[in-house]
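Order of listing sets the numbers, starting from 1, for every ligand and every atom in it.
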Amino acid sequence: MPEIERPGAQSWVPSAGGVRALRRAADACRGCELWRDATQVVFSDGPASARIMLVGEQPGDHEDVEGRPFIGPAGRLLSEALDAAGIERSKVYLTNAVKHFRFERRGKRRIHEKPAVGHIDACRPWLDAELGAVRPDVVVALGATAARALLRRTVRIGEVRGTVMEAADPAGTALVVTVHPSSLLRLRGRPERETAFRALVADLQRAGEVVA
Ligand code: URA
Ligand code: SF4
């Protein structure tokens with residue numbers, strides 16, 4: 001396979017202006033090749049004054065079309081879980097580790113493809129800038145991709161969930177790692193789903209306790 005050149009997002013990230021400036025600038029990002037096939041960049045949702053930041057993997061099909069994070073099936077499940085955890089979705093800052101949808105075309109369908117470590121690294125300047133602008137008290141990594149972006153290393157979710165860790169940057173930011181809500185979608189109709197849902201809610205509650 002030919003080597004793909006990924007300069008990374010740093011030359012597109014403005015150094016001032018807060019989340020609004022970041023959102024505006026992200027549109028032009030060419031830090032990796034994912035912008036090419038995606039419909040648009042999907043930046044964040046929620047107030048910059050939020051004390052809780054949730055980080056997903058990458059926009060899905062719906063998000064790519066609408067331009068907003070977590071509005072598809074995984075997003076609905078996340079809303080349910082936040083609700084059950086007593087956290088108002090409108091008060092959290094929601095974003096993704098990778099800002100463009102990576103997919104494979106199969107006929108007319110676009111099949112989600114996990115971002116590679118190279119995409120996570122290329123896109124991380126955006127996430128770091130968001131962390132710097134929002135300065136949340138606690139960040140929740142939804143799944144392994146977000147955990148990798150926030151910890152700079154690969155972790156097994158089963159081994160790290162249930163504890164409050166520390167994000168790599170800014171130092172001192174509490175970090176809770178949990179599963180991605182889409183992992184529950186795959187369990188639909190199975191008895192394990194209820195247990196998995198309760199575990200996700202418990203992880204979100206742990207994040208809520210940090211800011212209580
Ligand atoms: N999955 C994610 O990780 N992020 C979204 O925005 C939607 C689905
Ligand atoms: Fe830039 Fe991230 Fe999109 Fe790659 S995925 S082009 S780094 S915004």
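L175 pairs in a side-chain contact (heavy atoms from CB on, under 4.5 Å) with only one of the listed residues (T163, V164, V138, L151), which is L151.
Under 2.8 Å from atom 2 (Fe) of ligand 2, one finds the following protein N/O/S atoms: C123 SG.
We find that R76 and E80 are not joined by a salt bridge, their nearest charged nitrogen and carboxylate oxygen being 4.0 Å or further apart. Classification of E130 and K99 as a salt-bridged pair holds, one side-chain N sitting under 4.0 Å from a carboxylate O.
For R206, the side-chain hydrogen bond (donor to acceptor under 3.5 Å, both in side chains) partners are D203, not counting sequence neighbours.
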*Would you please test M165 and V176 for side-chain contact (heavy atoms from CB on, under 4.5 Å) and show each step?*
CA-CA 6 Å; M165 296 190 289; V176 170; over 6 Å; no

*Give the C-alpha distance, both sets of side-chain angles, the deciding distance and a yes or no for side chain to side chain donor-acceptor pair (under 3.5 Å) between H119 and Q58.*
CA-CA 10 Å; H119 299 119; Q58 64 168 348; over 6 Å; no

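In this structure, the protein non-hydrogen atom closest to atom 4 (N) of ligand 1 is N96 OD1, 2.7 Å.
Checking only distances, F70 does come within under 3.5 Å of ligand 1, N or O to N or O. Note: an N/O pair closer than 3.5 Å links Q58 and ligand 1 by distance alone.
Atoms of ligand 1 lying under 4.0 Å from at least one heavy atom of P69, given by number and element, are 6 (O). Here is the list of ligand 1 atoms found below 4.0 Å of a heavy atom in G56: 3 (O).
Side-chain contact between R51 and P136 is absent, with no heavy-atom pair separated by less than 4.5 Å.
Distance alone, capped at 3.5 Å, is enough to place a donor-acceptor pair between the Q10 side chain and the P7 backbone.
The shortest heavy-atom distance from H180 to ligand 1 is under 4.0 Å.
Residue contacts with ligand 1 for E57 involve both N, CA, C or O and side-chain atoms from C-beta outward (heavy atoms, distance under 4.0 Å).
Heavy atoms only, all atoms of each residue included: H100 and A38 are closest at CD2-CB, 3.6 Å.
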